[in-house]
Amino acid sequence: MKKRTKLGLKITIFIIGLAILVLCVFLLPNLARDAAEMNPEFSYLRLPVLLGLYITSIPFFLALYQALKLLNYIESENAFSHLAVISLGNIKTCAFTIITLYIIGLIFLISQNALHPGIALIGFVIVFATIVISLFTAVLQELLKSAIEIKSENDLTI
């Protein structure tokens with residue numbers, strides 16, 4: 001992989017992380033306040049929903065960190081190493097955590113009769129996108145394990 005491509009991927013990861021951080025710090029509190037003012041009957045859900053969104057951002061940032069570590073392994077020519085497999089496993093775990101937290105949040109909102117169809121649609125899109133990411137990561141992890149095994153067998157025969 002060329003140096004520019006790796007640098008571009010790292011910059012993309014930083015931009016994604018910065019965008020989500022700005023969203024969490026500046027936009028989400030204002031959206032929660034506006035939603036509570038427009039729907040005073042659901043204003044008691046403002047803080048639990050906001051807290052749930054902040055909690056789901058933690059595994060997201062951990063997954064971004066693992067992606068940066070994976071890029072560093074690739075850059076240092078350790079792409080086919082046990083450390084890369086561990087990073088992919090950590091990304092997969094973060095994805096499953098995000099899926100679980102969103103499903104719990106959607107069930108909580110359903111139990112409170114507060115699940116707006118727009119919010120449900122956004123929640124399901126996030127859950128399905130995260131499922132795709134977790135499946136893709138699991139496939140990459142298994143491929144990498146197989147490649148490492150083949151590489152170690154070839155090293156032993158030479």
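Just so you know, residue 1 is the first one in the sequence shown, and it goes up from there. Both backbone and side-chain heavy atoms feed into the values below; hydrogens, waters and symmetry mates do not.
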Non-hydrogen atoms of G89 and Q141 that approach each other most closely = CA-NE2, 3.4 Å
Can you name the closest pair of heavy atoms from L106 and A120 and give their distance?
-> CD2-CA, 4.3 Å
Does P40 offer a backbone N or O that forms a donor-acceptor pair with the side chain of S43 under 3.5 Å?
-> yes
Would you indicate whether [X], at its atom [atom1], is surrounded by more than 12 heavy atoms from other residues, nucleotides or ligands within a distance under 6.0 Å?
X   : atom1 : value
F80 : CZ    : no
Y44 : OH    : yes
E37 : CD    : yes
F14 : CZ    : no

Does the side chain of Y102 reach to within under 4.5 Å of the side chain of T130, using non-hydrogen atoms?
-> no
Within-4.5 Å side-chain heavy-atom neighbours: N90 and Y65 = no
Contacts of type salt bridge (charged side-chain N to carboxylate O under 4.0 Å, His left out), residue K10, not counting sequence neighbours = E75
Please determine which of L9, I13, L83, L88 meets the side chain to side chain contact (heavy atoms under 4.5 Å, CB included) test together with L70.
-> L88
Residue pairs involving residues 42-69 (criterion salt bridge (charged side-chain N to carboxylate O under 4.0 Å, His left out); sequence neighbours excluded) | none
